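Computed from a prediction, not measured in an experiment: that's the story for all the values here. Atom set for the values below is all heavy atoms of this structure, side chains included, hydrogens, waters and symmetry mates excluded. First listed ligand is number 1; within each ligand, the first listed atom is number 1.
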Amino acid sequence: MSHAPPSPLPLAREVQALLRTRRFGQALRGYQTVDSTNTRALRWADDGAPEGSVVIAEYQTAGRGRHGRSWHADIGQNLMFSVVLRPSLPPPRLNLITLAASIAIAEAVEACVAPLTASIKWPNDVLLEGYKCCGMLLESTLTRPAQATVILGIGLNVNQSGFPAALENRATSLLLQTGRRIPRAPLLADLLGRLERYYEKLGTDEEAAIRRAYETRLHGLGHPTALRLAGQEHPITGLLLGIADTGALRLHTDDGPRTFHAGEIREANTF
Ligand code: BTN
C-alpha cells in the first residue's frame, strides 16, 4: 500500500521498498536538505498528511532538540526523520508516545549492534554503553478539540564517525560502538515497523507491557539520580524508582516518593 509517488531521495526509495507496515512510512517525503524535518512534517500535517506519514532528510540546517537546543548531524550518515501522528490520547498521556518510541528504537538499534544492548535515559534518549545515540522531540498542535496532531522527530546517529569536543563524552553512533557501518534503510524500515506496533498498543490493555518494557531498559533504575527542572539551579536528588502510568519520572527523595513530568536527569552529583 503506498499513498505517495516514489521519493527522489535514494534512502527514501530504499526504505519504501523494505517497509512491512500498514501505515507508518507508507506516505514518505524524502529531502536532501531541509530546515527541520519536524517543521516540514508539521506543515504537511496541516495540509492533511495521513497518520504515519514520514519526512526524512539527509541534512538539516535548523534541526531542533529538546530544551531549546539544536540538533546537528553530518550529512548523509544518520537517520533524521519525523512521523505525523494523530493520537486519540488525552493531552496528559501524550508522553506515552515517547515511551513506545523509545522501546521501538532501542530494539531496532539492538538488532544492529548485538551483543551490545541499548538502554533508555528518561524520558527518551537511547543509549549505548551509557552514551547517547538517539534523541527524540515530540511537538504537538491542537487542531480540533481533543484531537492533537503530534510530530515525533527522531535523530539517530548511525554512521557518524566523530562528534564535536563539547559532545564527545556524551554522544555516540552505531558505527563508533561497533566499528561497522550500518545500512540505514533496513534499520529505518525495521524501526518504523516496531514503532507502528508499539504505538498501536497505546490506549489498549497492552499499554502496561510498554511501561514494563521501558522500565526494564531504564538507565539508572534504583540508583541515586539528580533531576534538573527548567529554570532551577539546584537539582533534586533521589533514588530512581521507575515511571508512573503517564510516563512521568518517580524519584524517592528526602521528602518521600515524588513524581516529575519534565526535567533532565543525570547520575547524582554530576550536574
Ligand atoms: C534531543 O535529544 O534533544 C532531541 C533531538 C531530536 C532531533 C530530531 S532530528 C529529526 C527531527 N527534526 C528536528 O528538527 N528534530 C528532530
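A salt bridge does not link Arg212 to Glu206: none of the charged side-chain nitrogens sits closer than 4.0 Å to a carboxylate oxygen. Using a cutoff of 4.0 Å between basic side-chain nitrogens and carboxylate oxygens, Arg184 and Glu58 are scored as salt-bridged. Contact check on Glu207 versus Lys201 returns no salt bridge, with no Lys/Arg side-chain nitrogen under 4.0 Å from an Asp/Glu carboxylate oxygen. Using a 4.0 Å cut-off between a side-chain N of Lys or Arg and a carboxylate O of Asp or Glu, Lys121 and Glu267 do not qualify as a salt bridge. Between Glu196 and Arg20, no side-chain nitrogen of the basic residue sits less than 4.0 Å from a carboxylate oxygen of the acidic one, so the salt-bridge criterion is not met. A salt bridge links Arg40 to Asp35: at least one charged side-chain nitrogen sits closer than 4.0 Å to a carboxylate oxygen. With salt bridges taken as basic N to acidic carboxylate O contacts below 4.0 Å, one links Arg194 and Asp190.
By the 4.0 Å heavy-atom criterion, Lys132 is counted among the residues contacting ligand 1. Look at Arg69 and you'll find every heavy atom at least 4.0 Å from all atoms of ligand 1.
With hydrogens left out, the protein atom closest to atom 9 (S) of ligand 1 is Gln60 NE2, 3.4 Å, a heavy atom. The protein non-hydrogen atom at the shortest distance from atom 3 (O) of ligand 1 is Arg66 N, 2.7 Å.
Cation-pi check for Arg64 over Trp71 is not met; the charged atom does not lie both under 6.0 angstrom from the ring centroid and within 45 degrees of its normal.
The distance from ligand 1 to the heavy atoms of Thr37 drops below 4.0 Å at these ligand atoms: 10 (C), 11 (C), 12 (N). Atoms of ligand 1 lying under 4.0 Å from at least one heavy atom of Gly63, given by number and element, are 14 (O). Close approach of ligand 1 to Phe81 is summarised as follows: ligand atoms under 4.0 Å from at least one heavy atom of the residue are 10 (C). Applying the 4.0 Å criterion to heavy atoms of Ser36 picks out, from ligand 1, the atoms 12 (N), 13 (C), 14 (O). Heavy-atom contacts of Arg64 reach the following atoms of ligand 1: 5 (C), 6 (C), 7 (C), 13 (C), 14 (O), 15 (N), 16 (C) (cutoff under 4.0 Å).
Residue contacts with ligand 1 for Ile154 involve N, CA, C or O but no side-chain atom from C-beta outward (heavy atoms, distance under 4.0 Å).
Checked against a 3.5 angstrom limit, the closest N/O atoms of Trp71 and ligand 1 fall outside it.
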